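What follows is a set of notes on a single structure, which appears directly below.
Treat the numbers as computed from the prediction; the structure is a model and nothing was measured.
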Amino acid sequence: MTHTDFVFRIGGEAGQGVESSGAGFATAFTRAGLHVVAVPDYYSRIRGGHNFFSIRVSPEPIYGLIERVDILIALTDETIERHLEAMAEGGIIILDDQSQVSGESIPASVTLLRAPLNEIAEKHGAAVMANTAAVAVAAGLVDFDLDYLKGVVRDNFGSKGEAIVDANLAVLTDAYQWVKEQASFGRTLKPQESPKRIACNGNEAFAMGALTAGCKFVAAYPMTPATSVFEYMCKHAAKWGIATKHAESEIAAINMCIGAAHAGARAMAPTSGGGFDLMTEGLSLAGMTETPLVIYLAQRPGPATGLATRTAQTDLNLAMYAGHGEFPRVIMAPGTPEQAFDCAHRAFNIAEKYQCQVIVLSDQYLASSIFSQDRSAFNVTSPIIDRGKLLSAEEVEATDEYKRYALTEDGVSPRALPGSSPKTVYLATGNEHREDGHITEDASLAEAMTLKRNKKLEGIATEMQAPTLYGDPDAELTLVGWGSTCGALVEVVDILNAKGKATRLVHFCDIWPFPANARKILGDKAVIVVEQNVHGQFETLLKQATGITVKGHIHRVDGRPFTVEYILRELEA
Amino acid sequence: MTHTDFVFRIGGEAGQGVESSGAGFATAFTRAGLHVVAVPDYYSRIRGGHNFFSIRVSPEPIYGLIERVDILIALTDETIERHLEAMAEGGIIILDDQSQVSGESIPASVTLLRAPLNEIAEKHGAAVMANTAAVAVAAGLVDFDLDYLKGVVRDNFGSKGEAIVDANLAVLTDAYQWVKEQASFGRTLKPQESPKRIACNGNEAFAMGALTAGCKFVAAYPMTPATSVFEYMCKHAAKWGIATKHAESEIAAINMCIGAAHAGARAMAPTSGGGFDLMTEGLSLAGMTETPLVIYLAQRPGPATGLATRTAQTDLNLAMYAGHGEFPRVIMAPGTPEQAFDCAHRAFNIAEKYQCQVIVLSDQYLASSIFSQDRSAFNVTSPIIDRGKLLSAEEVEATDEYKRYALTEDGVSPRALPGSSPKTVYLATGNEHREDGHITEDASLAEAMTLKRNKKLEGIATEMQAPTLYGDPDAELTLVGWGSTCGALVEVVDILNAKGKATRLVHFCDIWPFPANARKILGDKAVIVVEQNVHGQFETLLKQATGITVKGHIHRVDGRPFTVEYILRELEA
Amino acid sequence: MATAKDFSNDIRPTWCPGCGDYGIWNALKRALPEAGLEPHTVMMVTGIGCGSKMNDYLHINGLHTLHGRALPVATGYKLAHHDMTVVCVHGDGDGYGMGGNHFLHAVRRNIGLVDIVENNHVYGLTKGQYSPTSRPGFVTKTSPEGTIDRPENSLALALSQGATFVARTFTLDLKHMIAVMVAAMNHRGYALVDVMQPCVSFNRGMDYDWYKDRVYKVDEEGHDPKDRMMAMARAWEFPGEGRIPIGILYQTEDIPTYEEQVPALERGPLWQQPLREDPAKYKALLDELS
Amino acid sequence: MATAKDFSNDIRPTWCPGCGDYGIWNALKRALPEAGLEPHTVMMVTGIGCGSKMNDYLHINGLHTLHGRALPVATGYKLAHHDMTVVCVHGDGDGYGMGGNHFLHAVRRNIGLVDIVENNHVYGLTKGQYSPTSRPGFVTKTSPEGTIDRPENSLALALSQGATFVARTFTLDLKHMIAVMVAAMNHRGYALVDVMQPCVSFNRGMDYDWYKDRVYKVDEEGHDPKDRMMAMARAWEFPGEGRIPIGILYQTEDIPTYEEQVPALERGPLWQQPLREDPAKYKALLDELS
Ligand SMILES: Cc1ncc(C[n+]2csc(CCOP(=O)(O)OP(=O)(O)O)c2C)c(N)n1
Ligand SMILES: Cc1ncc(C[n+]2csc(CCOP(=O)(O)OP(=O)(O)O)c2C)c(N)n1
Ligand code: SF4
Ligand code: SF4
Ligand SMILES: [Mg+2]
Ligand SMILES: [Mg+2]
């Protein structure tokens, strides 16, 4: 099969600049109008070990990760060992010319390009710039316009001073020049005209969504892979008027959010599974006091610490059912940065409209993989902001005997903010309560309040978006996925349809309340569910909610993301 | 319908002795060879308010709570107001003769018996004994042999000294004598020959089970309705060699249990929903380190603090799915004290055999209601103790390159206790690990370990007991219940069958892994699921696990337990 | 000025007759107006326990939260609405036991709130188990052989972490309670008020007389509330065998509060800030990622 | 006697080159045998963080638990197997932040374990956010304007709660570290060892030289480790602007440990007690309920 995409992979020790080079490459390619999917693979350590970053780039739209590598930048010898198997025919491995790697084990179809990476770097200052040299060599091999990389270097190192910028630019130029005289990859990678795009990972997109949705309060405790959402908010806090609190624990974080949300601030708590566990009692309190909250839950493989820097879809049930007692909640699992951004906006609105808790379920793959995305898809300037039955100053003034938990037809009670008026002084309590908020143990009132709270699910259900149908709508083979697996699945569908095997994908972003129209979209054909867990958590939910027949499933549980090939192999097996 | 049972109800303020009188009555009747179901109804306060205790007693077996009251002891005037509606025709209300209640609102079919309760109590020392007088009056009305009450008084007050015992005995005698001359209830309650019975609530039975199963370590934080399990263990700790730790939080409690269990002590943590939330991260750690644990989760209505002293079945999903990541777990929901006792024994064995976590799901109704139970059903002296693949001293000695997490066919690895030998030094970690316990991030090892852990579910499944079938096995109407609702459902089935409406009950004690044979026992007929929650949590699980059709359900969500009449009414509706 | 009546509602407390919480209740109804507050200008955040039901029995903005979690909820509330006076009220089990970590971090942050701990040295609402402040040897249902945990010294803990207001008072001395509470409500930063509160149902060994025999007022004995070492020495007197110091052990207003230093709050209380910003700022967000 | 080699395994630490944890690692390999221990007579309980990976890099019985939960796990372990020496090793975020409540309660219980805190004043493993001990103004990704939380004073906290062994040492002084660790391992009760540990990746402002310029040995300056007030004064020196006291600030062995007082342990370690009792005792259980 001919292809127009390129896969670059940079491998080395933690601390060697694998991350910054990979991200820089992604930005440069995106600026050149190309499509990019760039996926990091890190160990849970700060230095050493073996990290790598795969940057897939193409003039055509691409969505997922593939296994083939065209150009491998080996900052360490171990990199070659680990990734040799993935090398494409005609692939090139860039390594330092001082490396002791013999090259004996390298098949003839792969070229070992020994480049003076350290030499060039040291010439301009320091060996730490070897990765910059390597990136330039890779760019040179495909004749990619060096100006894009220069731009990225200027932006990234600008804050470190002119000298550092200049040194890196010199390294880029020398290395690029060197390779031009030495070698080239068969194909070239040219900039192209295209709509403006941004290059961002799921965390950045979600955080930008939260920021532009008017999130005013974030409390968190750092936890991979959710940390960068918190850090994004911290970075913008002073300028945007957001209070961010690095709390003493996730328990403190969620309870701080409850306090802030009760005061009237849109509040959010980003975390991962272990931290979420600690938040569940607070979640239950928010359920009882009907306090709007958004929780960003970025999954990683458990149980316990598991594989802290890797990916999984193992916490759907946790998100669905954690927190004691019964109360309505919403679960969304975006598949792309664009969807993550969108979910942020919807999450804050739904949380306030229904005075409920919205959990946005992400995972390490979506959280930290960089995708080029159309800039126009990010409505930063005028998102809808709907605060539901929040009483305005005038409404508060017109109030008479305010009842925070008034029993209403839709279960949602008008919400006045404490302090807004002497007329709306009230108690909110985690105990069962009367309409005015004060504690009760009355049986019929307890029943009425329980039903009121859970009644809100009906309204929420109307907000849930249908799953996305992709591919041949009448196909016999239906793949079902949710969350971050979307990209790989889309490409699988394209490949199979291109091969003449009619296939379609039904992808769920909105998960709970289960979208009412999903049953219709799914139709009556048996499906195959693809997800990253052992128990088939979404499959269970799907069957329960739709009664549909599941004829098979594909699970990946080693902490690595689905690749297009992995799914294709499993489908064939 | 004629009946042979009696229902006494004692109502008054918290602190007036409602609890001790109710429990004393239950013990006395049990000693007299009668069947007893005694159910407390408390407010979440220490003094004041309105508490009551319903004691149902019968020469025939009885299992559940009914709404009818034959004899009401009204320690406060409010008691009459609240319970008048429940009074049977021919019922008698005992109240103090100084009460201001006019009696106007009392229907003719009910007798108001004004007794000199305070007078008699004060004559012998203090008004606090008014409840003792009232109990004697109630006993006299049905001609119940006073010696049984005297025995209970001796046992209960023995530790407070001779004087107090004598005063109470004198009150009993005087009050009994008084009523004999004044009034009598139509029917009498006679002692009868019967197998030896004990009178205990679900918590006592479960705790006794844990104690006799060799539980050596309990860490907890007090939380209604689980507290008395912890207190039972504390009471027996010194004599039985059990370390009990009132921890600083439920987080500390579960982690202390993990430490103790890792050392080799059978360990247990009793709690309720909010405390369980806090334990879930620890639960996940236990799942990863394969540490045997028993958690007793006594449900009460949530969310948050909810109705702290009342009952619910709202935490099944929580028990099933809380704790991040995927690992096997076991859930049992006993229906009677006898089953609770039995579950304790099984729980500790299964936890050690499969190095997994067993959650015993109870609720306030089972936890604190007193049932007379055949003494022979409690095998305290020779329960089976099976520690699974725990290595003996000799096995440890014969060990060579010990691997704590050896990949085995059934997923269970031989377990050596740290410190037992220089040969079995090992690491246990919440990170993904190798067979020797040390940390790994290797993809195929991570997959293998994930599958190993979850593989244990297959073995566990063979331990799960089938649901109990009761009533007419071929009946058209099948009621399905789980946990504490068992007693009321059994009586509903008897009543309907007696009326000619063929009915059967399928009652689940073992819930997860879902008993394999349940499907066969349930057959193909549509069922009605009865449970105390809004979401139909067990119903969802039942459908998912069996594919059976559920044609209806009965939920009660006001924090009060199901009565026989409640279920009958709902069935008719 | 508001009066005690403005803070009253018609709900009858569920506390036991004679419970020390009644005294705290009465003191609060008088201290709140005396500190210039009105029902809608205070947020009273409580935990779970007998005494934590306080805000159910007052006409006041209230948040009755989870056992041990009053402080983080109050912290979040304060950050989002910092011109509200935030008063936490909770038991010793709640504040010093379950909530110990929040306590220690609230102290060092100097977050501006009043933290009133109803210290009855026992768990009341769960019917009498020992608490972190219980005396050694206390026999309860979870310590049938007597407690072997040494009691927590919460005032010393607060002082050790640089608390800016550390006080203790006694529920039988209404005037003293009111004075200390008002001082706390007027304090700049985190103010700890530990209240000696008899639990007549489950801690009979520490009844009113027991406390009366032991409490003494530090200001009557030449105490200097600016001297941290002296405050620490006083704090170490109780829990212990001897006397119980009451009054303001330590106070300084030289330390900025947490909320004074949060840049986002410079433009006013968070809850009143508009959710939308100057349109020009939005483009920059996309540019950062371009 | 065992040697450092007996405690070594073949796993290469994942720490950054130059990380202060290497020093602690080396000290432990020498202190453990010096305290008379062998790999199977110690249980090393760690939390989560860079330094908490310690037991992965040793041949020793280990429990690598959850972030912040080393102490309760260790407490449970100790109660069930009290003739094992239990050593906790964890970071400042773990021990003083997330685990703060366990810390304070472990101290007052005087549970017999060594608590080594690798205090690098930052979160290492999550890539550099401020920790509870971070200095004011520290710029990190969660404090881009500099921290405004005042640092926790953990030694003062321990002292305030009656700690029986409070010490600090410095990762560059191997001999000092070993001596302090050995003393802690031989101590009766809870022993806190706060280790000044540079994080070369995320806390460059506090590098080896920064510490070297500030640490001083209290025993060289006439310190009396029996004087709690003096210890408190030393503890208050750091965090702060001035010097950093190292050495044993306070020690007493007059206080019984928690495990010495648990009645159930009188018959020997729990883990070795038989699960079945004298048959006669069982009937009594049913009689209680009859
Ligand atoms: C997570 C959690 N664990 C346990 C409880 C049960 N509980 C309610 S109040 C209380 C203790 C009350 O003691 P304290 O805080 O001292 O208040 P007091 O009743 O003495 O005023 C406990 C343990 C709870 N509500 N939540
Ligand atoms: C409940 C929970 N929250 C967050 C994390 C993420 N986490 C891992 S290590 C760490 C902080 C490490 O800091 P510290 O304890 O000081 O150890 P160091 O890495 O500095 O040695 C955090 C927040 C976690 N593992 N668990
Ligand atoms: S139990 Fe104690 S603290 Fe609670 S209300 Fe009664 S006297 Fe007060
Ligand atoms: S990040 Fe800091 S603490 Fe962690 S290994 Fe590197 S230097 Fe050590
Ligand atoms: Mg208390
Ligand atoms: Mg640290």
For chain C, the option from [options] that forms the most heavy-atom pairs under 4.5 Å:
{"options": "A/Asn255, A/Thr27, A/Asp155, A/Ile198", "answer": "A/Asn255"}
{"options": "A/Thr212, A/Ile242, A/Ile258", "answer": "A/Thr212"}
{"options": "A/Ala265, A/Ser421, A/Cys215, A/Ala205", "answer": "A/Ser421"}
{"options": "A/Phe217, A/Trp240, A/Tyr426, A/Phe378", "answer": "A/Trp240"}
{"options": "A/Ala238, A/Ala243, A/Gly241, A/Cys200", "answer": "A/Gly241"}
{"options": "A/Gly214, A/Gly430, A/Ala263", "answer": "A/Ala263"}

Could you look at [X] and say if it's the side chain, the backbone, both or neither that has a heavy atom under 4.5 Å from chain A?
{"X": "C/His105", "answer": "side chain"}
{"X": "C/Thr65", "answer": "both"}
{"X": "C/Pro274", "answer": "backbone"}
{"X": "C/Lys281", "answer": "both"}
{"X": "C/Ile60", "answer": "backbone"}
{"X": "C/Glu38", "answer": "neither"}

Check: [Y] and [X] side chains under 4.5 Å, non-hydrogen atoms:
{"X": "C/Val262", "Y": "A/Lys245", "result": "no"}
{"X": "A/Met208", "Y": "C/Leu286", "result": "yes"}
{"X": "A/His236", "Y": "C/Leu285", "result": "yes"}
{"X": "C/Ile48", "Y": "A/Asn431", "result": "yes"}
{"X": "C/Glu288", "Y": "A/Glu204", "result": "no"}
{"X": "A/Leu285", "Y": "C/Arg69", "result": "no"}
{"X": "A/Thr429", "Y": "C/Asp56", "result": "no"}

Tell me, for [X] versus chain C, whether the close heavy atoms (under 4.5 Å) come from the side chain, the backbone, both or neither.
{"X": "A/His433", "result": "neither"}
{"X": "A/Tyr232", "result": "side chain"}
{"X": "A/Ser249", "result": "side chain"}
{"X": "A/Ile370", "result": "neither"}
{"X": "A/Arg197", "result": "backbone"}
{"X": "A/Arg434", "result": "side chain"}
{"X": "A/Thr30", "result": "neither"}
{"X": "A/Ala253", "result": "neither"}
{"X": "A/Ala219", "result": "neither"}
{"X": "A/Ser284", "result": "neither"}

Taking atom [atom1] of [X] and atom [atom2] of [Y], what is their separation to the nearest 0.5 Å?
{"X": "C/Leu270", "Y": "A/Lys216", "atom1": "CG", "atom2": "NZ", "result": "6.0 Å"}
{"X": "C/Leu63", "Y": "A/Leu427", "atom1": "CG", "atom2": "CG", "result": "7.5 Å"}
{"X": "A/Glu248", "Y": "C/Leu104", "atom1": "CD", "atom2": "CG", "result": "8.0 Å"}
{"X": "A/Leu211", "Y": "C/Tyr282", "atom1": "CG", "atom2": "OH", "result": "7.5 Å"}
{"X": "C/His102", "Y": "A/Met256", "atom1": "NE2", "atom2": "CE", "result": "8.0 Å"}
{"X": "C/Leu289", "Y": "A/Ser372", "atom1": "CG", "atom2": "OG", "result": "12.5 Å"}

Intermediate values then yes/no, salt bridge (charged side-chain N to carboxylate O under 4.0 Å, His left out), A/Lys239 and C/Glu277: CA-CA 10 Å; A/Lys239 206 164 146 193; C/Glu277 293 279 326; over 6 Å; no
Stepwise side-chain contact (heavy atoms from CB on, under 4.5 Å) test for A/Thr424 and C/His40: CA-CA 8 Å; A/Thr424 57; C/His40 73 290; over 6 Å; no
Residues A/Arg375 and C/Asp287 bridged, charged N to O under 4.0 Å: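 Looking at A/Arg375 and C/Asp287, the cut-off is met.
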Report the option among [options] that has the most heavy-atom pairs separated by less than 4.5 Å from atoms of chain A.
{"options": "C/Gln273, C/Arg109, C/Glu266, C/Lys53", "answer": "C/Arg109"}
{"options": "C/Pro269, C/Ala80, C/Ala264", "answer": "C/Ala264"}
{"options": "C/Leu265, C/Thr41, C/Ile11", "answer": "C/Ile11"}

C/Arg276 side chain to A/Thr381 backbone, donor-acceptor under 3.5 Å: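 Present.
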Exercise: identify the closest heavy-atom pair between C/His81 and A/Pro418: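 The answer is CE1-O, 3.3 Å.
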Full working for side-chain contact (heavy atoms from CB on, under 4.5 Å) between A/His438 and C/Asn9: CA-CA 11 Å; A/His438 283 277; C/Asn9 66 14; 3.5 Å; yes
